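First up is the structure itself, then whatever we jot down about it.
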Number of protein chains: 2
Amino acid sequence: MNWAAIGFDWNQARAFLATAELGSLSAAAKALHLTQPTIGRQVAALEDALGVVLIERAGRSIVLTDAGRDLLPPLRMMAEAALQTGLTASARSEAIEGRVSISASDVMAAFVLPEILAELRVAAPGIEIEVIASNALSDLRRREADIAIRHVRPQHQDLVARLIREARANLYAAESLLERTGRPKSLKDLTGEVFVGIGNREDMVRFLNGLGLKVTAANIRFNSASGVVGWQMVRQGLGLGIMEEGVAERTPGIVRVLPTMAPVHFPVWLVTHRELNTSRRIRLVYDFLAEALSRTL
Amino acid sequence: MNWAAIGFDWNQARAFLATAELGSLSAAAKALHLTQPTIGRQVAALEDALGVVLIERAGRSIVLTDAGRDLLPPLRMMAEAALQTGLTASARSEAIEGRVSISASDVMAAFVLPEILAELRVAAPGIEIEVIASNALSDLRRREADIAIRHVRPQHQDLVARLIREARANLYAAESLLERTGRPKSLKDLTGEVFVGIGNREDMVRFLNGLGLKVTAANIRFNSASGVVGWQMVRQGLGLGIMEEGVAERTPGIVRVLPTMAPVHFPVWLVTHRELNTSRRIRLVYDFLAEALSRTL
DNA sequence: CCCAATTCATGCGTTTTTGTATAGAAGATC
DNA sequence: GATCTTCTATACAAAAACGCATGAATTGGG
């Protein structure tokens, strides 16, 4: 290895990369948990060390110079390798203390996880938990989370997954709503009913049609990308909605519509990175979640 | 990019990599132009940040832990990318001031380059020159030098090369030696003569045999890996030796043996990295060397 | 078996870097 | 076009890192 040629400050290089990727010094500072003046000075120092002008201050924002743009590909490589380094280190970490991030849908994060995490805090007080509540699949390979709860089987071989159980979802409504509109006795009674959608309207229509319900997008009068918001709307009696059985049963004022209708089954997968699975800390949380989810859900 | 996962100190990572590759904190410190306590503290801080023990202090030296060994491959990737970053930056550097390193055989470095560099200093006073005198081919792709003077055509497509000229080498001896032993008139007279070898004895024998000289390893009574040392031995009259024509002609007390014998031709290539060729500073030195070598040699 | 040469750890003073607070500049918005 | 928000630059104090000097431990050689 030629040590002289890599003698520039690697942290400054990272500061520039973050600035270039995120578009501003301020954004880079926030991402790297530093301050804007520090990032600015680091980038300036890197320019000085490399003898190259990297960014042009164009008033409010910044623009990369040709030289700066040239540096991006190798710097991205560097960051990729750094990510792999961190991953490997975490996998080797024997420490029980430390942070573990869990990605889950907002419904899971809001209605299922808190109870489980309360137990976990007793079992392992040293572990710091970061819950990422998002209905977008976070990329475990990029380490956006250490552990993810998903409802589709993960494909990539870098990931290791465990099928917790087949969960059930049913159609629910607020008691107040049914008292107003009357209790439907069959699928046909539901035609023309108002539904609360979650996520994409079209997907929701397809899903409901699959259940044998004759509904169109027009029936979904209320919709939200957030499952929690959707569920609150159902509780308010704004319409009928789909919910996981366990969550629904623990929600007061909610009753099942058409109890004779067969529940929708969907899998619950617990997923982590293959390398991270060797980390004692993450393994502990992973196993704890697996046990608790198969029990609670 | 996930910025949180690459939030460890990249300079500390480099410190550990150097330590692991070079085998000791002290060696790493020297390579990175830092001090041993600093490297020690950086590695310790990295261990702390990653929650992993990387090295075991085994008395005088250090031993990598399993975790430390695991981190090496991604860290090497990081260093490779850093090298590429530095390379790209140098290519983009518009600064005339700065360092340029030139790799050449020790003979070239000692007898040809100084004169040329004296001219260069006048033409471009801001440039700092580092001469790497080595008969081992330095790896331009690893940036062990910015520019190399070579006698074989470089293969790799990352390198750009210019054929300066076909140089000539002849057989020479000290006048004092020939006065003692008599001037040889033909190839046959050289059988049994003492030769001064440069580099590998076997290669030297093969080379001389190729010239039609009937010599074996036994004839090469003196040998040195250093061409300069070899040439000094020739000047001292210890034996006959091969030398580039221009250098030999400028050496007092040296005469050509068998002037009728055809000279050996060998190419002189000026080589640099394709990316570096766009650097104003390196381009300047490259062009200057090309001009000077084709004139001087 | 002892001495010399390395190598790592530690204490301390100095230098460097970082963060906070603030000012200035340039788009965005109404 | 005035205002508001967002982003960068600068000054200064606090914190962190660094280098030097030194001590302790170990290995290799005489």
Side-chain angles (χ1 to χ4, degrees), chain A residues 1 3-4 6-65 67-69 71-72 82, chain B residues 1 3-4 6-69 71-72 75 82:
Chain A
M1 186 59 58
W3 301 103
I6 56 176
F8 59 90
D9 191 300
W10 286 14
N11 290 331
Q12 293 173 0
R14 173 179 54 190
F16 166 65
L17 175 63
T19 304
E21 297 278 15
L22 301 175
S24 80
L25 298 177
S26 313
K30 203 164 65 174
L32 297 177
H33 297 115
L34 294 167
T35 58
Q36 167 263 317
T38 298
I39 297 293
R41 283 181 292 233
Q42 286 193 355
V43 173
L46 183 68
E47 289 182 318
D48 209 47
L50 297 180
V52 175
V53 179
L54 298 173
I55 59 179
E56 301 279 356
R57 273 76 172 178
R60 173 168 161 173
S61 191
I62 56 163
V63 178
L64 292 186
T65 62
R69 218 167 300 115
L71 286 192
L72 284 186
Chain B
M1 184 59 58
W3 301 102
I6 57 176
F8 59 91
D9 191 300
W10 286 14
N11 290 330
Q12 293 173 0
R14 174 178 54 190
F16 166 67
L17 175 63
T19 304
E21 297 278 14
L22 301 175
S24 79
L25 298 176
S26 313
K30 203 165 66 176
L32 296 176
H33 298 114
L34 295 167
T35 59
Q36 167 263 316
T38 297
I39 297 293
R41 283 182 288 235
Q42 286 193 354
V43 173
L46 184 67
E47 289 183 318
D48 210 45
L50 297 180
V52 175
V53 179
L54 298 172
I55 59 180
E56 300 278 356
R57 272 74 172 178
R60 175 168 160 173
S61 192
I62 57 163
V63 179
L64 291 186
T65 63
D66 290 347
R69 218 167 300 114
L71 286 192
L72 284 186
L75 285 176

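We use all heavy atoms of the structure for the numbers below, so side chains are in, but hydrogens, waters and symmetry mates are not. Just so it is clear, the structure is predicted and the values come from calculations on it, not from any experiment. In what follows, chains carry the letters A, B, and so on, assigned in the order in which the sequence lines appear, proteins first and then strands, with residues in each chain numbered from 1.
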Straight-line distance of A:L72 CG to A:L17 CG, nearest 0.5 Å: 6.5 Å
Value in whole Å for how far the C1' atom of C:dC8 lies from CD of B:E56: 14 Å
Length of the line joining B:D9:CG and D:dA16:C1', which is rounded to integer Å: 12 Å
Straight-line distance of B:L46 CG to B:D9 CG, nearest 0.5 Å: 8.0 Å
Spacing of A:I62 atom CD1 relative to D:dA9 atom P, expressed in whole Å: 9 Å
Distance, nearest 0.5 Å, that separates OG1 of A:T35 from CZ of A:R41: 6.5 Å
Sugar-phosphate, base or nothing in reach of A:S26, heavy atoms under 4.0 Å: base
Between C:dG24 (P) and A:L25 (CG): distance, integer Å: 20 Å
For atom CD of A:E47 and atom C1' of D:dA9, their distance in whole Å: 14 Å
A:L22 side, atom CG; A:K30 side, atom NZ - distance, nearest 0.5 Å: 9.5 Å
Rounded distance (nearest 0.5 Å) linking atom CZ of A:F16 with atom CG of A:L64: 5.0 Å
Rounded distance in Å - CG (B:L46) to P (D:dA17): 13 Å
Distance, rounded to the nearest Å, where B:Q36 contributes CD and C:dT6 contributes P: 14 Å
Protein proximity profile, nucleotides 13-19 of chain C - base contact B, sugar-phosphate-only contact S, no contact -, cut-off 4.0 Å on heavy atoms: -----BB
Donor-acceptor contact present, side-chain B:E47 to main-chain B:L54, <3.5 Å: yes
